[in-house]
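Quick notes on the structure that follows.
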Amino acid sequence: MIKILFFASLRDQLACESASLCYSQSLKNIQDVIALLSERGEIWHKQLNSASVKVAVNQEMADLHTAIKDNDEIAFFPPVTGG
Amino acid sequence: MIKILFFASLRDQLACESASLCYSQSLKNIQDVIALLSERGEIWHKQLNSASVKVAVNQEMADLHTAIKDNDEIAFFPPVTGG
Amino acid sequence: MSVSIQQDDFDCIDEYKLLLADAPKIGAIVTFCGLVREFDQGQGLALELEHYPQMTEKVLLGIIAEAKARWPILNVRIVHRIGRLSLSEQIVFVGVNSEHRQAAFKACHFIMDLLKTKAPFWKKAISQQGDYWLAAKACDQRAKAAWE
Amino acid sequence: MSVSIQQDDFDCIDEYKLLLADAPKIGAIVTFCGLVREFDQGQGLALELEHYPQMTEKVLLGIIAEAKARWPILNVRIVHRIGRLSLSEQIVFVGVNSEHRQAAFKACHFIMDLLKTKAPFWKKAISQQGDYWLAAKACDQRAKAAWE
């Protein structure tokens with residue numbers, strides 16, 4: 001299983017805090033995860049393909065080409081605004 | 001009268017904390033004051049003509065060419081080391 | 001060096017004393033404190049701060065490690081609050097101590113600039129004009145880039 | 001904005017609270033505190049700080065005015081101690097508040113760099129190796145020059 005988390009405005013727009021995906025070998029990298037999640041509907045497609053969306057794998061910043069494996073934790077979120 | 005003050009290591013070397021000079025028109029600038037004070041002895045000559053000595057007139061930084069007038073307060077001191 | 005993420009307020013004097021404990025080895029302490037500033041022409045009420053739990057600590061410890069690699073600093077303390085914070089409340093504290101002042105000044109400034117652009121916190125404005133998520137600022141990206 | 005020159009120790013929390021009083025207009029507070037660091041391989045005992053009374057206040061108020069002209073800061077507080085200070089004691093406090101953090105960071109750093117090179121204070125080291133006046137440091141002149 002792959003655990004997916006969504007934060008802040010992205011979570012509000014998707015109306016989804018977390019999701020799980022069954023791991024399969026066709027899920028090679030973040031791009032594949034986005035493609036799969038985008039099938040959930042227009043809003044998912046639009047939000048996850050936005051140029052500003054950030055992604056982390058196992059709490060480390062990642063990008064579209066970052067490889068994934070079973071049991072990874074993937075998080076999508078907007079640019080950070082703390083401090 | 002012109003009041004002269006000495007601080008820190010300069011005061012220790014001259015063994016003098018303050019001095020007064022009678023104002024006269026021949027005392028045009030700081031250079032003249034140093035020349036007059038230098039007559040007090042070898043140590044005065046050496047210390048007041050040192051490249052590192054700083055001077056203030058009425059609590060404002062000054063230099064050899066700063067003009068002086070009666071009742072001014074002139075201070076000589078080494079480079080500052082506060083903070 | 002330590003990092004705390006908490007809902008409760010913090011006491012600057014406790015944080016300061018922790019950094020003071022390294023005296024007389026240190027000669028300088030620089031601290032930053034960020035507060036909830038008024039917004040929306042007086043109609044702003046509060047900020048709601050959210051974060052990504054395990055990642056936040058990881059990122060902040062990474063920023064501290066980078067600061068330690070760049071400047072001779074002894075100790076660093078970061079406290080960042082989450083949850084609902086009213087106007088004037090303390091949001092974040094960064095304190096750094098060192099032998100000489102330049103290292104503490106630069107490291108504290110660096111840590112804040114990197115925290116602003118890398119640590120996974122998000123602010124929602126609670127306002128009489130309606131609630132909304134704050135957008136990231138280009139000036140924060142530029143401030144971070146200046147350290148590269 | 002205010003400047004105090006005093007023999008007595010100061011309490012950082014009082015100084016901090018003074019700067020906090022401008023909230024919610026401000027979003028940032030940066031403070032610097034300078035301490036007596038150990039010296040002479042553990043044989044240093046204390047520093048004796050001397051100053052040129054009226055000139056000190058004039059120079060420090062001038063530095064604050066220059067910082068205010070360069071950055072949008074709201075309030076500045078400087079406290080500098082004189083007299084005999086033992087290892088670990090607080091020597092100087094500089095605190096600045098502002099709306100945005102960059103102004104407070106830069107102004108606080110600037111004020112310290114200028115204080116070090118322009119304010120008429122002198123330090124005498126009291127040491128088991130004998131007492132001596134400290135020499136000015138070239139790095140402090142370079143730090144000041146970097147702001148020009």
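In what follows, chains carry the letters A, B, and so on, assigned in the order in which the sequence lines appear, proteins first and then strands, with residues in each chain numbered from 1.
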[X] vs [Y] side-chain heavy atoms within contact, under 4.5 Å:
X      : Y      : value
C:C33  : D:Y16  : yes
C:V30  : D:H109 : no
D:L35  : C:I26  : yes
D:R142 : C:Q102 : no

Side chain, backbone, both or neither: which part of D:L19 has an atom under 4.5 Å from a heavy atom of chain C?
->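 No part of D:L19 comes within 4.5 Å of chain C.
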Identify which part of D:D11 has an atom lying under 4.5 Å from any heavy atom of chain C, answering side chain, backbone, both or neither.
->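 For D:D11, side-chain heavy atoms alone lie under 4.5 Å from chain C.
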Given the options D:C139, D:A23, D:A143, which has more heavy-atom pairs under 4.5 Å with chain C than any of the others?
->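 Of the options given, most contacts go to D:A23.
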Count the heavy-atom pairs under 4.5 Å between each of D:K106, D:Q90, D:K116 and chain C, then report the option with the highest count.
->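 Heavy-atom pairs under 4.5 Å are most numerous for D:K116.
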Should C:R101 and D:D140 count as an ion pair when the cut-off is N to O under 4.0 Å?
->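 Looking at D:D140 together with C:R101, the answer is yes, because their closest N to O distance falls below 4.0 Å.
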Could D:E99 and C:R37 be called an ion pair, given the rule that one side-chain N must be under 4.0 Å from one carboxylate O?
->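 Looking at D:E99 and C:R37, the cut-off is met.
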Side chain from CB out, backbone as N, CA, C, O: work out which of these in [X] comes under 4.5 Å of a heavy atom of chain D, or both, or neither.
X      : result
C:C108 : both
C:I91  : neither
C:K17  : neither

Which pair of heavy atoms, one from D:P24 and one from C:V36, lies closest together, and at what distance?
->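 Heavy-atom minimum between the residues: CB-O, 4.0 Å.
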If you draw a 6.0 Å radius around NZ in C:K25, do more than 12 non-hydrogen atoms from other residues or ligands fall strictly inside?
->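 Open.
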Would you please test D:I29 and C:T31 for side-chain contact (heavy atoms from CB on, under 4.5 Å) and show each step?
-> CA-CA 8 Å; D:I29 299 176; C:T31 73; over 6 Å; no
If you count heavy-atom pairs under 4.5 Å between each of C:C12, C:S86, C:G34 and chain D, which one has the most?
->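 Option with the greatest count: C:C12.
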